[in-house]
4 protein chains.
Amino acid sequence: MATARRIGGENSATRERILEATEQLIREQGYASASTRRVAAHAGLKPSLVHYYFPTTDDLLVAVSKRGAKESDRMIEEALKSDRPLRALWEFFSDTSRTRLVLEFMAMANHRDAVRKHMAEHSEEMRQRQAEILEKLIGTKFSLPDGCPPAGLSVLLAGIGRVLIMEGGLGVTGGHEEAREFVERWLDMLEPADVEKAES
Amino acid sequence: MATARRIGGENSATRERILEATEQLIREQGYASASTRRVAAHAGLKPSLVHYYFPTTDDLLVAVSKRGAKESDRMIEEALKSDRPLRALWEFFSDTSRTRLVLEFMAMANHRDAVRKHMAEHSEEMRQRQAEILEKLIGTKFSLPDGCPPAGLSVLLAGIGRVLIMEGGLGVTGGHEEAREFVERWLDMLEPADVEKAES
Amino acid sequence: MATARRIGGENSATRERILEATEQLIREQGYASASTRRVAAHAGLKPSLVHYYFPTTDDLLVAVSKRGAKESDRMIEEALKSDRPLRALWEFFSDTSRTRLVLEFMAMANHRDAVRKHMAEHSEEMRQRQAEILEKLIGTKFSLPDGCPPAGLSVLLAGIGRVLIMEGGLGVTGGHEEAREFVERWLDMLEPADVEKAES
Amino acid sequence: MATARRIGGENSATRERILEATEQLIREQGYASASTRRVAAHAGLKPSLVHYYFPTTDDLLVAVSKRGAKESDRMIEEALKSDRPLRALWEFFSDTSRTRLVLEFMAMANHRDAVRKHMAEHSEEMRQRQAEILEKLIGTKFSLPDGCPPAGLSVLLAGIGRVLIMEGGLGVTGGHEEAREFVERWLDMLEPADVEKAES
DNA sequence: AATGAATGAGATTTCATTCAT
DNA sequence: CATGAATGAAATCTCATTCAT
C-alpha cells in the first residue's frame, strides 16, 4: 500500500524539483495556485511529467504535505533538544515560512480529503510528541505555574503563532507587538533564562 | 429589508440568496469550491444571474466578506456590551461557524487581492475597536494583572480561538480541552464572575 | 428529473447540429471516435459549446441514442402499418445506416452505463411493440406455420439483419446472398405476396 | 508450451499473460478500455513491458484477435467432428464468452484498420470452412429441406447466436426463449437426433 | 430584471509512444 | 529481457466572462 503509488523513485531529482516548486507556489500564491500546469511551468518542466511522478493532484499535494511534515518534525526535535525548549518551540511556531505552508494545507484540507486525512494524523502526532517531551521537562527544567498541561500549552503557542503569521501576511499588525511581548514574558516566567546557569 | 421589494439593488432578496449560498459553500467545502456555477446551482439560480448581481467573482467574494464582517461587528458590539465582555469576546472568538468563514477568507486573501485588501482593513479596524473598548473597561470592570495591553489580548484570544476551530474541523482535538480550560481560568482571573454582584 | 439536464432548449438548431455530427461520426468511425473535440470539429463548432449543450459525454451519447430510438420507432410503426408488415420489418432490420448505429450503441453499452440502461429499455420496448402487432396480424394477414411466436420472430429477423450489416461493414459477404434469399423465401411463405389480392 | 522457457518470443509466458489480460478487459469492459496502461495494470506488469512485447496498440489487439480466432477454429473443428455437427455449431454460436469477444472485435474493426483486416479475413475463412464441411454432410448426415445452402446456414446461426448474446449482455431477454426454441426445433428437423442410430 | 448562447482558457487526467539503459 | 523517464496529443470537464435580447 505504502509503495503502490510511488512512481519514479523516491529520490529522483526531478521529483524533488516538482515538490519544491509546488511548495513554493503554495506558500507564495495560495493552494489554489498549485495546478499541474503552473507547477510544471514554475519548475521548468512539462505538465505531463508532473503527472508521471504524481498521477493525481492529491498525490502531489499529499506528498508536499508529508515533506513539510517531515521538516516540521525535524524542527521540533531540534527545538525540544535545545537549552530552552519552550523558547525554541515558540520560535518554531512563529516561523513564518513553515507556518504559512501549514495554514495553506489546513485550508486545503477542507475540500481535499486525502490532505485532510494526512494533516489530521500528523497534527495529532505532533501534539502528542510535544506533550510527551514537555511533560518530561516539567519539574526539571521549568514549571507551569499557571497550571496549563503540556498538550494545552502546545495548543496555545500554535494558535498565537499562527494568528501572527496569518495576519502578518495580510499586512495587519495591530496588537502583534504587544502579544509577542506578552508571550515572551510569559515564557520567561515558565522557563527562566537562568535555567542555564542552574544547569551548569 | 424595509425596501425589500426593490430588486437588483443592494437589498434584493435574490442578491441575499446568492450571498447566503456562497457563504454556505465556502464554509462547507472551502473557498476553492465557490465558483459562479456552483454558487448558482446551490442557490437554485442560473449562473448568469449570479453575474448579473456580481459582475466578477471578486465582487461576489468581497461582498460575502463584507457581509461576514458586518455580522462580526454586530457580534462584537454585543459582546462588549455584555456583563462580562472578556468572556463574551472569547465566546465570539470560539464561535465555530463565524471563525470557519474568517479562516477561509484569510486563505483566499493569499491570491485574491481585492479580498486581501478588505480583510486587512476590517481586521485592523476590529482590533482597534476591541482595544478601545477593552481599554475603557480596564480599572473598572477588570484588570490585566499579567500586563498584556488590550490590543495584545485581542490577538491572543483570536489566535487561540482560531486554532481550536481550525484543528477541530480536521478532527484533531489533542490538548484542546486543556487549552480551553486554561483560557477560561485565566479569563476568570482577569474578569471575576462576582463582578456582576459588584455592579448591582 | 427529465428536464433537469436540459440546457439550451430542446429545439435549438445548434443542439441538432451537434447530435447530427455525433451520429455521423459514430456511424462512420465507431463510437470511440465520438469525443468532444472531434464532434465539435465535425460540426464546425467549438468544443466548449458541445459541453454547453451536453454537460457530460454520457449526456451527449444518450441523447444521440434517444434520437436514434425515436427514428427507429417511427420506422417500425410505418413498417407495421404497411401491406406486408413482415417484409417491411425485415427491410427495417436490414437497413444499413440504422443498424450500423444500433450496433455501435450496443458496443458502447459495455462500458457506458447510461447508454446501456437506455439501450436495454428501448430494445425491450421495441421487441414488445413488435410482438404485439405481429400477434394481431397472425391469423388475419399471415400465419406462422413453423410455429415461431411473434417475439421470437422479431429476435430472428433482428439477428440475421444485424449479422449481414456487421459483416458487410467488414467486407465479408460469404453466404450473405444465400441467407438473404432464404429469409425472403421464408417470409414469402409466412406472408404471401397475394395477400394483397385477398384484401381487395 | 513445449518451448515455454524461451521468453520473449511467440511463446513467452509474459506475452501470454498480456494477451489474457487484454482479452479479459475487452470482454468485461469493452474494447475502449483496453489501453496499454490498463492492460499492464490488469496483468500486474509495467506499461513499458506491454510495449516491449507489442510495439503498437494495433499489434496487441491484432494478436488478441488472432488468439481468439485460433480458439474459434479449434472450437469449430471440434463441433464439426461431433455426432450432431449442426447442433454443435449452434452451441458454438451461442457460446457467450467467445461471442462477446467477437462482437467487441467487430466494433473495434470500425476504427482500427489492422483489426478490420484480420477480422475480415478470418470471418471469410471461417464461413468457407463451415460451408465446406456442412456441404459434405448434406445428404449423409442431414438435409436442408428448406433449401438454405450451407454458407447461408452459417450466416443464419451466427446472426441469431449473436443477437442473443448481444441483448443478453444488455439484460434484454424478450423473445429469446421463443427464438432459441424455434432454432432448436428447426435444427432437430434438419439433423434429427436419431441420426445417431441410423449411423451405428 | 433576467437569461440563453457562446467562448477562450485552463485544470485534470489518460494515452501511445520513444529512448536510453 | 525489462524498466524508468519523458513527452506531445488529446479527452473530459469547469471556469469566468461577454454579449444580445
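Residue numbers begin at 1 in each chain, while the letters A, B, ... track the order of the sequences.
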Base partner of F:dT21, which must satisfy Watson-Crick or wobble distances under 3.5 Å: E:dA2
Interatomic spacing from CZ in C:R112 to NE2 in C:H118 - rounded to 0.5 Å: 15.5 Å
Watson-Crick or G-U wobble mate for F:dA11, both contacts under 3.5 Å: E:dT12
Selection from E:dT7, E:dT12, E:dC15 that lies nearest to any side-chain heavy atom of A:S35: E:dT12
Given E:dT13, E:dT17, F:dT12, the nucleotide with the shortest approach to the side chain of A:T57: E:dT13
Nearest atoms (heavy-atom pairs only) where A:L170 meets B:A120: O-CB, 3.6 Å
Residue-phosphate contact under 4.0 Å: C:T14 side-chain N/O, E:dA6 OP1/OP2: yes
For atom NZ of A:K46 and atom P of F:dT7, their distance in whole Å: 6 Å
Gap separating the OG1 atom of B:T57 from the NE2 atom of B:H51, nearest 0.5 angstrom: 5.0 Å
Earlier contact from the 5' end, DNA chain F, for B:F54 and C:T36: C:T36
Salt-bridge present (C:E28, C:R100; N to O < 4.0 Å): no
Under-4.0 Å side-chain N/O to phosphate OP1/OP2 contact, A:Y53 with F:dA6: yes
Contact under 4.0 Å: A:R38 side-chain N or O vs E:dA11 OP1/OP2: yes
Rounded interatomic separation in angstrom, taking NE2 from A:H51 and P from F:dA6: 15 Å
Nearest-0.5 Å distance that lies between atom CD1 in A:I26 and atom CE in A:M108: 4.0 Å
Whole angstrom value for the distance that separates P of E:dG8 from CG of C:L45: 12 Å
Nearest to side-chain heavy atoms of A:Y52, which nucleotide of F:dT12, F:dA6, F:dT17: F:dA6
Side chain of B:S48 - closest among E:dA16, E:dT13, E:dT3: E:dT3
Euclidean distance, atom CZ of residue D:R37 to atom C1' of F:dA6 [Å, nearest integer]: 12 Å
Rounded distance (Å) that lies between atom P of F:dG4 and atom CG of A:L49: 15 Å
Whole-Å gap separating P (F:dG4) and CZ (A:R15): 14 Å
Between C1' of E:dT12 and CG of A:D58, the distance in whole Å: 11 Å
Length of the line joining D:L61:CG and E:dC15:P, which is rounded to integer Å: 13 Å
